[in-house]
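All remarks here apply to the structure that follows.
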Amino acid sequence: MSLSADVSALLARLGVTVPMGALPTHTPITGEVLARIAETTPDRAAAQINAAHSAFRQWRVIPTPKRGELVRLWADELQAHKADLGRLVSIEVGKVLSEDPGEVHEMIDICDFALGLSRQLYGLTIASERPDHRMMETWHPLGVVGVISAFNFPVAVWAWNTALALVCGNAVVWKPSEKASLSALAAHALLERAITRFNIEGGAAPEGLNALLIGGRALGAALVDSPKVALVSATGSTRMGREVGPKVAARFSRSLLELGGNNAAIVTPSADLDLTLRGVAFAAMGTAGQRCTTLRRLFVHDSLYDALMPRLKATYASVKVGNPLEQGVLVGPLIDQGALQAMQAALDAARTAGGTVHGGEVVEAGGGAYVRPALVEMPDQVGPVLHETFAPILYVLKYNDFDVVLEKHNEVPQGLSSSIFTNDMREAEIFLSARGSDCGIANVNIGPSGAEIGGAFGGEKETGGGSESGSDAWKAYMRRATNTLNYGHSLPLAQGVTFDIG
């Protein structure tokens, strides 16, 4: 069966009718066009944003536990269609078989988290200095949440935002990557099916609560520019964030930005090398190096360098690169030829800067942009090491002073994820302390890649700021009000102020 036929069968089982048009969606596995899809027109996008705003006004008064019921039904739909949606994602963006169910599993996990959260949107009771007064904070729905997502996690990141946004009482308008339009149509259809079930079972989800915009940058700009979009949650490059953030701020709305990562790991003298090798291999090569949390810089203590590097080289040389739908393949294709060209340019720059490149060769495997992961020994943190290249390149550098390597670790402009491999308690604690890693995610004895739903996900510096997913990330999707109640008969003022009118 051809991939196009496979996709057609998957879409049929997922209940998706593709609106035919001119926008092509390709598979990076072979480069072939899977479908040509109708783009959302500007007028239609404006109408959907308006409809979402109207839906929000109705949805915000639904009791929060009842809103959680919708998310529960959505999890049921995702569980029932996990294999089909996962395979569709693999075909459309090139994820290997060992990873494709994981993306949908993340969606189910965030639904479970949001369902529990629907009975835990707690505020505070605050001690008042005035007698017979009570202060408290309350949290209220924010409005329309615009989600702009990237190709590398084409449905999971939308689900992170959407599950929390819906439980918090908001409507959602989603602009997915045009490189993953079919996956978006399928994921959107499953939520729509859950909404239908919710209403049949006595719920009251309004029309327009969940909207999808298919197309290019102009549709993302529509979300960024609309005064009816209260929060723009955007995942992509730092360049994109520099455009989105100021525009949203100019209209005094909120943005939640998940941008570039130039993630590093430090291997100390006490590290378990077997564990380190496995952690580094997945973090650096998983998803063909196309995760925002991919390991891109590895600092190895000079006492271990000669022991670890031969093992890393052997692992890189032996890993199977090819069709991600075949068993045993661990590295699939890059998303397109542009990504391959960017990788080769970075490797050329590394050679110019004195680096020694192992791997990085183009692999002929069925028409896609296949390449062997590259291990690059660098004399110093210069040139391409300071920048994120969205490809499987791992720069390796020696160090011999822990304080100095912490400075090197933190001197790049990005601040998403980080890790240290050590069995020294002091080194681990320092790395996690205020003078350690300056990233939003800091790990010990695991790589920087592979987050769980329970922890808030986000970074610092040029990574953008703000968090999605677990912990108290729900607060980004709500507005806080501080309330004071006077249950007495007098009117004492705070700070001892008097205002006697006789």
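Put simply, the side chain of L325 reaches to within 4.5 Å of the side chain of I91, judged on heavy atoms. Side-chain contact check for Y305 versus E377: some heavy-atom pair is nearer than 4.5 Å. Two residues are said to be in side-chain contact when any heavy atoms from C-beta on lie closer than 4.5 Å; L394 and L295 meet this criterion. When side chains are defined from C-beta on, L298 counts as touching L312, because their heavy atoms get closer than 4.5 Å.
In H26, the NE2 atom is crowded: over 12 heavy atoms of neighbouring residues, nucleotides or ligands sit closer than 6.0 Å. Environment of CD in Q120: crowded, with over 12 heavy atoms of neighbouring residues, nucleotides or ligands closer than 6.0 Å. Atom CZ of R351 has more than 12 neighbouring heavy atoms from other residues, nucleotides or ligands inside a 6.0 Å radius.
With T422 contributing its side chain and P269 its backbone, the two residues share no donor-acceptor pair below 3.5 Å. Put simply, the side chain of N262 gets close to the backbone of V385: a donor and an acceptor are under 3.5 Å apart. Remark: the backbone N or O of G260 is paired with a side-chain donor or acceptor of T463 at under 3.5 angstrom. A donor-acceptor pair is defined here as one N or O able to donate and one able to accept, closer than 3.5 Å; no such pair exists between the side chain of D302 and the backbone of K398. S255 places no side-chain N or O within 3.5 Å of a backbone atom of L257 that could act as its donor or acceptor partner. Judged purely by atom type and a 3.5 angstrom limit, Y370 uses its side chain to pair as donor or acceptor with the backbone of I29. The closest donor-acceptor contact from the side chain of R296 to the backbone of H387 lies at 3.5 Å or more, if one exists at all. A donor-acceptor contact shorter than 3.5 Å is absent between the side chain of K313 and the backbone of G359. Side-chain N or O atoms of S437 include none that pairs as donor or acceptor with a backbone N or O of F431 at under 3.5 Å. Between the side chain of E103 and the main chain of V155, a donor-acceptor pair closer than 3.5 Å is present.
A salt bridge between D84 and R87 is absent, with no side-chain N of the basic residue lying under 4.0 Å from a carboxylate O of the acidic one. With respect to the salt-bridge test (charged N to carboxylate O, under 4.0 angstrom), the residues D274 and R311 qualify. Residues D76 and R72 are paired through a salt bridge, judged by an N-O separation under 4.0 Å between the basic side chain and the carboxylate. Residues E178 and K175 are paired through a salt bridge, judged by an N-O separation under 4.0 Å between the basic side chain and the carboxylate.
In this model, a donor atom of one side chain and an acceptor atom of the other lie less than 3.5 Å apart for E411 and Q381. No side-chain N or O of T293 forms a donor-acceptor pair with one of S417 less than 3.5 Å apart. A donor-acceptor contact under 3.5 angstrom links the side chains of E92 and T25, judged on distance only. When only modelled atom types and interatomic distance are considered, N161 and Y477 share a side-chain donor-acceptor pair under 3.5 Å.
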Item to complete: Step by step, work out the side chain to side chain contact (heavy atoms under 4.5 Å, CB included) result for V71 and S118.
Response: CA-CA 9 Å; V71 175; S118 69; over 6 Å; no
Item to complete: Determine, stepwise, if the pair E462 / L259 fulfils side chain to side chain contact (heavy atoms under 4.5 Å, CB included).
Response: CA-CA 7 Å; E462 286 190 4; L259 309 176; over 6 Å; no
Fill in: Audit row: I37, L182, side chain to side chain contact (heavy atoms under 4.5 Å, CB included) steps and yes/no
CA-CA 9 Å; I37 305 170; L182 295 176; 3.7 Å; yes
Practice prompt. Assess whether salt bridge (Lys or Arg N to Asp or Glu O under 4.0 Å) is satisfied between D401 and K408, documenting all intermediate values.
Written response: CA-CA 11 Å; D401 184 279; K408 289 284 188 181; over 6 Å; no
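Screening V145, L212, L213 against V173 for a side-chain contact (heavy atoms from CB on, under 4.5 Å) leaves a single residue, L213.
Below 30°, between 30° and 60°, or above 60°: for F151 and F390 the angle between ring planes is above 60°, a perpendicular geometry.
Rounded to the nearest 0.5 angstrom, R242 CZ and S237 OG are separated by 9.0 Å. Taking CG of L191 as the reference point, atom CG of L73 lies at 10.5 Å (rounded to 0.5 Å). Q414 contributes atom CD, which lies 6.5 Å from atom CD of E388 (distance to the nearest 0.5 angstrom). One finds the CG atom of D112 at 9.5 Å from the CD1 atom of I453 (value rounded to the nearest 0.5 Å). One finds the CH2 atom of W160 at 7.0 Å from the CD atom of E258 (value rounded to the nearest 0.5 Å). One distance of note links CG of L164 with CD of E468; it measures 9.0 Å at 0.5 Å rounding.
Across L416 and G459, no two heavy atoms sit closer than the pair CD1-N, 3.8 Å. Among all heavy-atom pairs drawn from F421 and A265, the shortest one is CE1-CB, 4.1 Å. Of all heavy-atom pairs between K461 and P413, the closest is CB-O, 3.1 Å. Across every non-hydrogen atom of L185 and P19, the tightest pair is CD1-CD, 4.1 Å. Nearest approach of V321 to V329, heavy atoms of both residues: C-CG1, 4.4 Å. Annotation for S149 and P154: closest pair OG-O, 4.0 Å, computed over non-hydrogen atoms.
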